[in-house]
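Below, each value reflects all heavy atoms present in this structure, side chains not excepted, and no hydrogens, waters or symmetry copies. Just so it is clear, the structure is predicted and the values come from calculations on it, not from any experiment.
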Amino acid sequence: RLVLATLHVNHHLERMADLCVNIAKLGKVKRVISSESEVVIDGFEEMGSRAEEMTRIALDSLFRRDPEAAQSLVALDELIDNSNRRVVQQLARLEGDAAMREWALLMIIVSRCLERIGDNAVDIGEQTAYLVSGDFQEFEDASHPGGDR
């Protein structure tokens, strides 16, 4: 089980790294200055902090073989999902020229990448539960009630 869980965790860590690369590339896009953009940036800071916290908890729960800590990721995932929805709603309300609309679309992608990092942390938590119990079950999360993904 350890080998199988490690392979899956490695896959999720690689996906998280790819998402970080995407965020870094999109961060190079010229920022459109508006009062709304500051709200979006604040949302990204919140989501980024939460994604970092979730990654730490996921890896720590794996290291300590702690399924309860792994399960706690579900509640944190709900928070990052809610932040994603708020940021996307804020971006969808932006009006302006083509540059503003393009910036908003790219920032929606950044928001989605941050949200997916959280989802991958939950997936690592699921591997922890599998490692400890020998029974793989997806955690139920806020964005997919009933564990449907």
Side-chain angles (χ1 to χ4, degrees), residues 1-32 36-94 101-149:
R1 287 193 306 231
L2 177 60
V3 171
L4 188 57
T6 301
L7 289 170
H8 282 282
V9 167
N10 184 59
H11 173 73
H12 290 295
L13 290 172
E14 184 176 347
R15 292 175 75 192
M16 293 163 90
D18 290 341
L19 291 164
C20 289
V21 168
N22 292 340
I23 292 167
K25 287 178 181 177
L26 291 167
K28 292 180 179 181
V29 172
K30 182 179 177 186
R31 188 170 130 196
V32 175
E36 294 89 356
S37 67
E38 293 305 317
V39 173
V40 170
I41 300 304
D42 290 345
F44 287 164
E45 288 176 359
E46 177 187 342
M47 291 175 73
S49 293
R50 186 140 350 261
E52 181 179 356
E53 175 188 14
M54 290 178 72
T55 302
R56 281 194 186 118
I57 291 170
L59 294 174
D60 188 53
S61 70
L62 179 68
F63 178 74
R64 292 185 294 117
R65 311 293 197 271
D66 183 351
E68 290 80 23
Q71 182 68 42
S72 75
L73 292 164
V74 174
L76 295 172
D77 188 51
E78 182 175 347
L79 296 174
I80 203 169
D81 289 346
N82 291 338
S83 295
N84 177 51
R85 282 188 210 82
R86 281 192 305 274
V87 167
V88 169
Q89 288 170 354
Q90 182 71 29
L91 287 163
R93 286 192 292 267
L94 288 180
R101 289 191 308 272
E102 180 182 1
W103 179 81
L105 288 170
L106 294 174
M107 294 306 101
I108 287 171
I109 295 169
V110 169
S111 186
R112 177 67 174 151
C113 287
L114 289 165
E115 187 270 334
R116 288 295 301 141
I117 290 170
D119 290 344
N120 278 279
V122 170
D123 292 341
I124 292 171
E126 292 170 348
Q127 291 302 315
T128 298
Y130 164 73
L131 178 61
V132 171
S133 72
D135 184 33
F136 181 80
Q137 293 184 0
E138 290 186 355
F139 292 161
E140 183 175 327
D141 69 26
S143 60
H144 302 91
D148 299 332
R149 289 195 188 201

Are any side-chain N or O atoms of Arg85 and backbone N or O atoms of Asp81, one a donor and one an acceptor, separated by less than 3.5 Å?
yes
Would you check if Ile109 and Asn22 make a side-chain contact, meaning some heavy-atom pair closer than 4.5 Å?
no
Roughly how far apart are Leu91 CG and Met107 CE, rounded to 0.5 Å?
8.0 Å
Can you name the closest pair of heavy atoms from Leu94 and Ala104 and give their distance?
CD1-CB, 4.0 Å
Separation between CG of Asp119 and CE of Met16, rounded to the nearest 0.5 Å
10.0 Å
Could you report the tightest heavy-atom contact between Gly118 and Asp77, atom names first, then the distance?
C-OD1, 3.7 Å
Could you tell me whether a side-chain N or O of Asn84 sits under 3.5 Å from a main-chain N or O of Ile80, the two making a donor and an acceptor?
no
Go through the structure and list residues passing side-chain contact (heavy atoms from CB on, under 4.5 Å) with Arg101, not counting sequence neighbours.
Ala98
Taking every heavy atom of Gly125 against every heavy atom of Leu73, the minimum-distance pair comes out as CA-CD1, 3.9 Å
Evaluate the side-chain contact (heavy atoms from CB on, under 4.5 Å) criterion for residues Leu106 and Val110: first the C-alpha distance (whole Å), next the side-chain angles of each, then the deciding distance (0.1 Å), finally the verdict.
CA-CA 7 Å; Leu106 294 174; Val110 169; 5.9 Å; no
side-chain hydrogen bond (donor to acceptor under 3.5 Å, both in side chains) partners of residues 7-18, not counting sequence neighbours, each pair once:
His12-Asn120
Is there a side-chain contact between Leu13 and Ile124 (heavy atoms, below 4.5 Å)?
yes
Residue pairs fulfilling side-chain hydrogen bond (donor to acceptor under 3.5 Å, both in side chains) with at least one residue in residues 66-75, sequence neighbours excluded:
Arg64-Asp66
Ala129: which residues meet the side-chain contact (heavy atoms from CB on, under 4.5 Å) condition with it, sequence neighbours left out?
Phe139
Minimum heavy-atom distance Ser61-Thr128, with the two atoms named
O-CG2, 3.4 Å
Extract all donor-acceptor atom pairs below 3.5 Å that involve side chains of residues 40-51 and protein atoms in other chains or at least two apart in sequence.
from	atom 1	to	atom 2	distance (Å)
Glu46	OE2	Ser83	OG	2.8
Glu46	OE2	Arg86	NH2	3.3
Ser49	OG	Glu45	O	3.1

Nearest atoms (heavy-atom pairs only) where Cys113 meets Ile23
CB-CG1, 3.6 Å
CG/Leu26 to NZ/Lys28 distance, rounded to the nearest 0.5 angstrom?
10.5 Å
Please tell me if the side chains of Ile57 and Asp60 come closer than 4.5 Å, counting only heavy atoms from C-beta onward.
no
Taking the basic N atoms (NZ, or NE/NH1/NH2) and the acidic carboxylate oxygens, is any pair closer than 4.0 Å for Arg56 and Glu53?
no
Using side-chain contact (heavy atoms from CB on, under 4.5 Å) as the criterion, list what pairs up with Leu2, not counting sequence neighbours.
Thr6, Arg65, Leu131
